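Have a look at the structure below before the remarks.
Keep in mind it's a predicted model, so treat the numbers as computed, not measured.
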Amino acid sequence: MEWIADPQAWIGLATLTLLEIVLGIDNIIFLSILVGRLSAEQRQRARVFGLGAAVLSRLALLFSIVWVMRLTAPLFTALGREFSGRDLILIGGGLFLLWKSVVEIHAALEGTDEAEVQPSVAGRAAIFWPIVIQIGIIDIVFSLDSVITAVGLVDDLAVMVLAVLIAVGVMLIAARPIGDFVDRHPTFKLLALAFLVLIGVVLIAEGFNTHLPKGYIYFAMAFAVVMELLNMRMRARRALRREPLKLRHEMPGGRPPDSQIPS
């Protein structure tokens, strides 16, 4: 516990925690999309299970750092490139993320509503564990990069574990409001799915040893979110301006009732 008295360790903890939270954004979005398929009473339980799997996978990888570092050693050569265990995990996770995102986008664009996909509570209960398993699969992929980042930034294992626990705690608090917001606004759901498609492409590219900085993708998605928020505000103000005109046309003689005429 000598790190407690080391100011550099606290700086490393703050930096690593922030990075873990940023790297967990895509995890929260994927979690929010999947739990949207469940009934309202099952969603929070699925979030807890999903983020619990994220904690376990990150801690398991942290406590097997030597094995994680071996994943970067080349296994074979193909297409003129060397591939490691990490590369194969990233490519597989990227393909899984692409497939899942495209399926969700297709369902949204085709107008497949929740009642058609899960017609009953029993049907939703039947897909609870498959959804948790899917969250667990993608957690392993996201955890791999998260742990490699932690190992490269901090030397003390206790600092890494504490940063992971704090970051997942923040993710648990943020997962529900973000998920509810995405469910209420279909446009944001499509933006979130587009974000996951981009993350899938980045994972595949990194699996082929082509580094694409995630900062550019996060900036592009943040810009798209800000623009959509401005559009929502503009649409709301336009609707408020149209409401008095609608009332005026609906009233006999084109006049609102006396109670609505300002004094």
Side-chain angles (χ1 to χ4, degrees), residues 24-44 46-47 49-51 90-139 141-142 171 174-207 212 214 216-239 242:
I25 292 174
D26 40 19
N27 205 336
I28 292 177
I29 293 174
F30 185 76
L31 180 69
S32 301
I33 296 296
L34 284 187
V35 301
R37 295 280 186 180
L38 299 171
S39 60
E41 61 272 13
Q42 288 180 315
R43 290 178 184 177
Q44 184 61 19
R47 292 186 188 103
F49 274 107
L51 291 174
L90 291 178
I91 292 172
L95 290 173
F96 174 77
L97 201 56
L98 278 178
W99 168 76
K100 191 64 185 176
S101 302
V102 170
V103 168
E104 293 291 335
I105 290 173
H106 179 267
L109 293 178
E110 289 296 319
T112 305
D113 61 17
E114 200 168 310
E116 292 174 345
V117 179
Q118 290 88 30
S120 65
V121 174
R124 287 175 180 160
I127 66 166
F128 178 84
W129 288 111
I131 284 179
V132 172
I133 291 171
Q134 291 179 56
I135 294 171
I137 291 173
I138 208 64
D139 275 340
V141 180
F142 290 149
M171 290 163 59
R176 182 167 185 171
I178 290 176
D180 292 343
F181 183 81
V182 169
D183 285 339
R184 289 195 306 268
H185 301 90
T187 305
F188 277 98
K189 183 175 182 178
L190 287 176
L191 281 176
L193 289 169
F195 174 74
L196 293 177
V197 169
L198 288 176
I199 293 296
V201 172
V202 169
L203 291 176
I204 294 172
E206 290 187 354
L212 300 174
K214 280 189 177 180
Y216 294 123
I217 296 175
Y218 289 142
F219 175 79
M221 291 305 300
F223 180 78
V225 168
V226 170
M227 293 306 298
E228 180 56 28
L229 288 172
L230 292 175
N231 279 330
M232 287 175 57
R233 182 175 177 83
M234 186 174 63
R235 287 195 296 266
R237 294 182 64 180
R238 190 178 300 162
R242 280 202 297 259

Task: Phe181, CZ: over 12 other non-hydrogen atoms inside 6.0 angstrom - done: yes
- [ ] State, to 0.1 Å, how close Leu97 and Leu203 come at their nearest heavy-atom pair, and which atoms those are.
- [x] CD2-CD1, 4.3 Å
Open item on the list: Treating Arg47 as the side-chain partner and Leu31 as the backbone partner, does any N or O pair qualify as donor plus acceptor under 3.5 Å?
Closed with: no
Open item on the list: For Phe96 and Trp99, take the angle between the two ring planes, folded into 0 to 90°, and tell me which bin it lands in: parallel under 30, tilted 30 to 60, perpendicular over 60.
Closed with: tilted
- [ ] Determine whether more than 12 heavy atoms belonging to other residues, nucleotides or ligands lie under 6.0 Å from atom CZ of Arg184.
- [x] yes
Open item on the list: How long is the straight-line distance from CD1 of Ile33 back to CD1 of Ile131, given to the nearest 0.5 Å?
Closed with: 11.5 Å
Task: From Met227 atom CE to Leu191 atom CG, the distance as rounded to the nearest 0.5 Å - done: 11.5 Å
- [ ] Rounded to the nearest 0.5 Å, what's the gap from CZ on Arg235 to OG1 on Thr187? Could you check?
- [x] 6.0 Å
Open item on the list: Minimum heavy-atom separation for Ser32 and Ala175, please, with both atom names.
Closed with: OG-O, 3.9 Å
Task: Residue pair Phe188 / Leu229, side-chain heavy-atom distance below 4.5 Å - done: yes
Task: Pairwise distance NE2(His106) to CG(Leu193) - rounded to 0.5 angstrom - done: 13.5 Å
- [ ] Could you tell me the separation between the CG atom of Asn231 and the CZ atom of Arg238, rounded to the nearest 0.5 Å?
- [x] 8.5 Å
- [ ] Test Lys100 against every option in Leu34, Val197, Ile138 by the side chain to side chain contact (heavy atoms under 4.5 Å, CB included) rule and name the one that passes.
- [x] Leu34
Task: Shortest non-hydrogen contact between Phe30 and Ile135, atoms and distance - done: CE2-CA, 4.2 Å
- [ ] Any chance you could measure Arg43, atom CZ, to Leu38, atom CG, to the nearest 0.5 Å?
- [x] 7.5 Å
Task: Non-hydrogen side-chain atoms of Ile204 and Leu98 separated by less than 4.5 Å - done: yes
Task: Val35 to Ala46 - nearest heavy-atom pair and separation - done: CG1-CB, 3.7 Å
Open item on the list: Please determine whether the number of non-hydrogen atoms from other residues, nucleotides or ligands lying under 6.0 Å from atom CZ of Arg233 exceeds 12.
Closed with: no
